[in-house]
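In this text the structure is predicted, and so the values were computed from the model without any measurement. By convention in this document, chain letters (A, B, ...) are assigned in the order of the sequence lines, proteins followed by strands, and residues within each chain are numbered from 1.
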Amino acid sequence: MNVRTRFAPSPTGYLHIGGARTALFSWLYARKTGGTFILRIEDTDRERSTQESVDAILQGMEWLQLEHDAGPFYQTHRFDRYKEVIQQLLDTGHAYHCYCSKDELEQMRETQMARKEKPRYDGRCLGRTDVPEGIAPVIRFRNPQDGAVEFDDLVRGKITVSNKELDDLIIARSDGTPTYNLTVVVDDIDMQITHVIRGDDHINNTPRQINIMRALGCEPPKFAHVPMILGADGQRLSKRHGAVSVMQYRDEGFTPQALLNYLVRLGWSNGDQEIFSRAEMIDLFSLEAINRAPSAFSPDKLLWLNQHYLKTLPVEELESQLQWHLQAQNLDVSSGPALADMINAQRERAKTLVEMVAISRYFYEDFAAYDETAVQKQFKPETADTLQAVHAELAALVDWKAEPIHAAIHAACEKLGLKLGKVGPPLRVAVTGSTSSPSLEITLELVGRERVLARILRAVGFIRSLPAAG
RNA sequence: GACCCUAUCGUCUAGAGGCCUAGGACACGACCCUUUCACGGUUGUAACCGGGGUUCGAAUCCCCGUAGGGUCGCCA
């Protein structure tokens, strides 16, 4: 059997973390089995679906590189087909017109709730033969009255729901447009979906969908309902509650590799393994290993993974990911060290790409001011002479490379009779404006001879201009 | 309220009856490394929701509670 999975978002917002994970699982399963991954846009709600959302979802999928093999298919392009199926259901007695008004239905719900019953349509229009004037009817699916629907969920096992719990749901609105439960069924059949992998908020829809499929004479696909993702506070993640767009993670400096790795470990595991390349994910993934309990999103762990990828990803990969951030933070790197050198110097010091850019500015442009506490701690009156001596030593250097720079600094220390601890820190502040940077010699090499020498002199002048501390 | 689902450290999880005095990871603490910031290394704190069964033996199986989540739309 050729596996076919699909990701079927409704374009009423961006692609968020939860959606991205179900997309990832569907994609992984298709890749793992050599199957086909289909992207379907469920845009039957004309009121709320927008092109911007479609674009945002597509952009998110592309950033994560969850490439689809077919689609995107738009449900709004398939209305003729849905009409056909609805007619078929009508013809075979599996569906009927309902003329109840919204008020009437609302009242029904209220009285049922008042009686502490599960609110459900009571089927009062079933078998109705008159055709009231001036009312545009909806069409309801005639759900079986007896028995139960049973299906074997690939992550949860057997799930049974009595047909008594299911009412006759609306499959076509009064304006004739089809509703969700009808369109999913038709599409999953037509697209020959073999495995429906989706959030477990759909678990309760599944029995209804199975009934519709059977009414259509089709065998339902296999289902795998993956648990929801909770916010860091344990509350469900939703558009209203902490669910941010995957693109926001790009903006905040996360790599898609880290996000994917984080997402795959949320609710799925392979023993104690934490780090997964795409190839490993595909190789090791299985629906059976998906956890049944919902899991909370941990920003800290994502950050840790991101740093891991910053440390280990090929430089070229980071170079290309960095481009967007350089633009966003408006840093021109044309007049400084090669990006690759900067990355290698900073990759162990940054948790995000945003941070990497932020802590690397001094390589490419002069800083406006020294860090205040750094000045207090490192710039003493006598530091001016120290720096002057270091300047002399460095100015004499012909080969501006880390090793000779290292040697020159040590030579200066010796001449001054000072330990490196007295010379290094102020030098660092002079050259970078702050107390943290890669190792001194690397930093100086990358900042470049001219800039280093100028900055040392600038610091000397700055220190001499400071009011004597007394 | 009814129905469905779930339940191991703060968090992500390992665990498919004895290998568990419950393992790993993140976060947190301590120590080591160190010219700063980091990286890294070592180490520590910390969990089987409760109660009944089944069994020689239960984190693992069953039941009942409890708690959390989901669904009950002319949304998807």
Legend entry - Positions of residues 175-182 of chain A (non-hydrogen atom under 4.0 Å from RNA chain B), listed by number: A:Thr179, A:Tyr180
Legend entry - Opposite nucleotide pairing with B:rA25, Watson-Crick or G-U, both atom distances under 3.5 Å: B:rU11
Inset, instruction - Run the ring-centre check on A:Tyr370 versus A:Phe379 and record whether the distance is less than 6.0 Å. - result: yes
Legend entry - Nucleotide nearest A:Ser269 when distance is taken to its side chain, options B:rC39, B:rA14, B:rC3: B:rA14
Inset, instruction - Rounded off to whole Å, could you give me the CZ-to-P distance for the A:Arg198 and B:rG70 pair? - result: 17 Å
Legend entry - Pairwise C1' distance, B:rA47 and B:rC20 [rounded to whole Å]: 13 Å
Legend entry - Protein-to-nucleotide contact annotation, 5' to 3' order, nucleotides 18-38 of chain B [B base; S sugar-phosphate only; - none; under 4.0 Å, heavy atom]: -----BBBSS-------BBBB
Inset, instruction - Report which part of the nucleic acid A:Arg48 touches: base, sugar-phosphate, or nothing (heavy-atom distance under 4.0 Å, all strands). - result: base
Inset, instruction - Quick one: classify the glycosidic conformation of B:rC12 as syn or anti, with syn meaning within 90° of 0. - result: anti
Legend entry - Contacts of A:Gln376 that satisfy side chain to side chain donor-acceptor pair (under 3.5 Å) - sequence neighbours left out: none
Inset, instruction - Just name whichever nucleotide pairs with B:rU6, Watson-Crick or G-U, keeping both distances under 3.5 Å, else none. - result: B:rA67
Inset, instruction - Can you tell me the distance, in whole Å, between the CE atom of A:Met113 and the C1' atom of B:rC3? - result: 12 Å
Legend entry - Separation of B:rC74 C1' from A:Ile170 CD1 (nearest whole Å): 5 Å
Inset, instruction - May I ask you to check whether A:Phe285 and A:Trp268 place their ring centres under 6.0 Å from each other? - result: yes
Legend entry - Strand partner of B:rG40, provided both Watson-Crick or wobble distances fall under 3.5 Å: B:rC32
Legend entry - Nearest-Å distance once atom C1' is located in both B:rG23 and B:rC61: 23 Å
Legend entry - Partner residues of A:Arg21 under the salt bridge (Lys or Arg N to Asp or Glu O under 4.0 Å) criterion, sequence neighbours left out: none
Inset, instruction - Would you kindly give the CD-to-C1' distance between A:Glu150 and B:rC4, to the nearest whole Å? - result: 14 Å
Inset, instruction - Output all residues satisfying salt bridge (Lys or Arg N to Asp or Glu O under 4.0 Å) with A:Asp187, sequence neighbours left out; order by chain, then residue number. - result: A:Arg40, A:Arg78
Inset, instruction - Take atom P in B:rG41 and the same atom in B:rA27, then report the distance between them in whole Å. - result: 12 Å
Legend entry - Pairing nucleotide - B:rG1, Watson-Crick or G-U, each distance under 3.5 Å: B:rC72
Legend entry - Residues in salt bridge (Lys or Arg N to Asp or Glu O under 4.0 Å) contact with A:Glu348, at least two apart in sequence or another chain: none
Legend entry - Contact summary for A:Gly199 and A:Thr22, nearest pair of heavy atoms: N-CG2, 3.8 Å
Inset, instruction - Quick one: list whatever passes salt bridge (Lys or Arg N to Asp or Glu O under 4.0 Å) with A:Arg140, sequence neighbours left out. - result: none
Can you name the atoms? Protein N/O to nucleotides 5-9 of chain B N/O, anything below 3.5 Å, with the distance.
| from | atom 1 | to | atom 2 | distance (Å) |
| --- | --- | --- | --- | --- |
| B:rC5 | O2' | A:Arg156 | NH1 | 2.2 |

Inset, instruction - Describe the nucleic acid contact of A:Ser174 in one word from base, sugar-phosphate, nothing, applying a heavy-atom distance below 4.0 Å. - result: base
Inset, instruction - Using whole Å, report how far CZ of A:Arg120 lies from P of B:rG73. - result: 11 Å
Inset, instruction - Under the side chain to side chain donor-acceptor pair (under 3.5 Å) rule, collect the residues that match up with A:Gln112, sequence neighbours excluded. - result: none
Inset, instruction - Provide the distance between the two C1' atoms, one in B:rU66 and one in B:rG51, to the nearest whole Å. - result: 10 Å
Legend entry - Rounded distance in Å between the P positions of B:rG24 and B:rU71: 38 Å
Inset, instruction - Please state the C1' separation for the pair B:rU13 and B:rU8 - nearest whole angstrom. - result: 9 Å
Inset, instruction - Check the distance between B:rG1's C1' and A:Glu165's CD and give it to me in whole angstrom. - result: 12 Å
Inset, instruction - Would you mind classifying the nucleic acid contact of A:His225 as base, sugar-phosphate or nothing, using non-hydrogen atoms under 4.0 angstrom? - result: nothing
Inset, instruction - Would you tell me if any nitrogen or oxygen in the side chain of A:Arg109 comes within less than 4.0 Å of OP1 or OP2 on B:rC72? - result: no
Inset, instruction - Using atom CG of A:Asp167 as one end and atom C1' of B:rC3 as the other, report the distance to the nearest whole Å. - result: 12 Å
Inset, instruction - Sorted by first residue and then second, give each side chain to side chain donor-acceptor pair (under 3.5 Å) pair with at least one member in residues 285-304 of chain A; sequence neighbours left out. - result: A:Glu274-A:Lys301
Legend entry - A:Tyr262 OH - B:rC12 P separation (whole Å): 8 Å
Inset, instruction - With RNA chain B as reference, determine whether A:Arg208 or A:Thr183 sits nearer its 5' end, using the nearest nucleotide of each. - result: A:Arg208
Inset, instruction - Report the base-pairing partner of B:rG17 (Watson-Crick or G-U wobble, both distances below 3.5 angstrom), or none. - result: none
Legend entry - Donor-acceptor contact below 3.5 Å, side chain A:Ser269 vs main chain A:Gly271: no
Inset, instruction - For A:Lys311, report the nucleic acid contact type (base, sugar-phosphate, nothing); a contact means any heavy atom under 4.0 Å. - result: sugar-phosphate
Inset, instruction - List the atom of A:Ala389, the atom of A:Leu416, and the distance in Å for their closest heavy-atom pair. - result: CB-CD2, 3.7 Å
Inset, instruction - Could you list the residues that satisfy ring pair (Phe, Tyr, Trp, His ring centres under 6.0 Å) with A:Tyr180, not counting sequence neighbours? - result: A:His202
Inset, instruction - Report which part of the nucleic acid A:Gly199 touches: base, sugar-phosphate, or nothing (heavy-atom distance under 4.0 Å, all strands). - result: nothing
Legend entry - Summary of side chain to side chain donor-acceptor pair (under 3.5 Å) pairs that have at least one residue in residues 413-429 of chain A, sequence neighbours excluded: A:Glu393-A:Lys415, A:Arg428-A:Ser437
Legend entry - Distance, C1' atom - from B:rA14 to B:rA25, rounded to whole angstrom: 11 Å
Legend entry - Nearest-angstrom distance, C1' atom, B:rA59 to B:rC49: 12 Å
